[in-house]
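What follows is a single structure, written as structure tokens, with notes after it.
Here the structure is a predicted model, which means the values were calculated and not measured.
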Amino acid sequence: MSVAIVEGPAILIGYAYRLDVESEALLFPALAEMVAQVRLKPSATDILATLTTAEGTLVRQSDCLMSLTIPAQDTSHFEPGSVVLDMVRVDVRPALPLGFLLEIPVMLPVTRGLL
């Protein structure tokens with residue numbers, strides 16, 4: 001697994017979060033089924049959110065581009081700090097980890113409590 005630090009948007013607690021993940025490799029083939037679990041850290045047992053292609057929280061844009069959305073009802077339970085996620089292809093056996101991990105900062109927004 002390679003490591004690259006890329007600046008991107010932080011998750012704002014209580015708001016939906018959207019991010020496009022772009023790869024140089026063809027990681028997101030058509031009709032592939034993907035799952036991503038959001039956790040506080042890789043060793044955490046609690047799952048904070050589950051994203052899937054079946055539920056539309058992971059949406060394939062091309063072979064190299066995947067859009068992910070963490071709904072506001074999930075981020076409303078997050079705490080300031082950071083969360084991690086990776087993606088696994090589950091339409092093949094055995095399931096195939098895609099070989100990357102994202103660590104995303106989580107911030108308490110100034111404007112909140114509007115829902």
Side-chain angles (χ1 to χ4, degrees):
M1 186 178 299
S2 63
V3 175
I5 297 175
V6 179
E7 299 257 346
I11 296 170
L12 296 178
I13 296 169
Y15 290 93
Y17 178 76
R18 292 176 185 83
L19 180 70
D20 287 340
V21 177
E22 188 171 14
S23 70
E24 293 178 6
L26 306 176
L27 293 182
F28 314 115
L31 306 177
E33 295 176 34
M34 306 285 183
V35 173
Q37 293 178 337
V38 180
R39 297 177 190 258
L40 191 57
K41 57 185 179 180
S43 62
T45 56
D46 292 338
I47 300 169
L48 303 175
T50 300
L51 314 177
T52 69
T53 49
E55 292 179 356
T57 48
L58 295 175
V59 177
R60 177 193 178 273
Q61 303 298 332
S62 73
D63 287 345
C64 297
L65 184 63
M66 178 73 72
S67 296
L68 67 89
T69 301
I70 304 174
Q73 63 264 26
D74 290 328
T75 69
S76 67
H77 302 292
F78 292 7
E79 296 290 330
S82 66
V83 295
V84 294
L85 70 88
D86 61 7
M87 283 185 209
V88 175
R89 188 170 168 192
V90 294
D91 62 313
V92 294
R93 293 292 175 242
L96 178 64
L98 298 186
F100 66 86
L101 177 134
L102 301 177
E103 182 173 4
I104 306 169
V106 177
M107 298 173 56
L108 187 64
V110 174
T111 304
R112 56 186 181 269
L114 302 176
L115 300 177

Just verifying a value: how many Å separate [X] [atom1] and [Y] [atom2], rounded to the nearest 0.5 Å?
X    : Y    : atom1 : atom2 : result
D20  : M66  : CG    : CE    : 10.5 Å
L51  : L58  : CG    : CG    : 5.0 Å
L96  : L27  : CG    : CG    : 9.0 Å
E103 : L85  : CD    : CG    : 10.5 Å
L12  : R112 : CG    : CZ    : 11.0 Å
L40  : I47  : CG    : CD1   : 13.0 Å

[X]-[Y] co-clustered via ILVMFWY side chain contacts under 4.5 Å:
X    : Y    : value
F78  : L108 : yes
V106 : I104 : yes
V35  : Y17  : no
V90  : M87  : no
V59  : F100 : no

Considering all heavy atoms, the nearest [X]-[Y] contact:
X   : Y   : value
L19 : P9  : CD1-CD, 4.0 Å
E33 : T53 : CA-OG1, 3.3 Å
P29 : M34 : CD-CE, 4.4 Å

Next item on the list: Mind running side-chain contact (heavy atoms from CB on, under 4.5 Å) on Y15 and T111 for me, showing each step along the way?
Entry: CA-CA 10 Å; Y15 290 93; T111 304; 4.0 Å; yes
Could you tell me whether the side chain of [Y] reaches within less than 4.5 Å of the side chain of [X], counting heavy atoms only?
X   : Y    : value
V21 : L102 : yes
H77 : L48  : no
C64 : L26  : yes

Margin query: Determine whether I70 and I11 satisfy the following criterion, side-chain contact (heavy atoms from CB on, under 4.5 Å), listing intermediate values before the conclusion.
Written below: CA-CA 9 Å; I70 304 174; I11 296 170; 3.9 Å; yes
Next item on the list: Examine distances only and state if a side-chain atom of T75 and a backbone atom of G14 form a donor-acceptor pair shorter than 3.5 Å.
Entry: yes
Margin query: Checking the side chain of T57 only, and the main-chain atoms of T52 only, is there a donor and an acceptor separated by less than 3.5 Å?
Written below: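 Checked: pair present.
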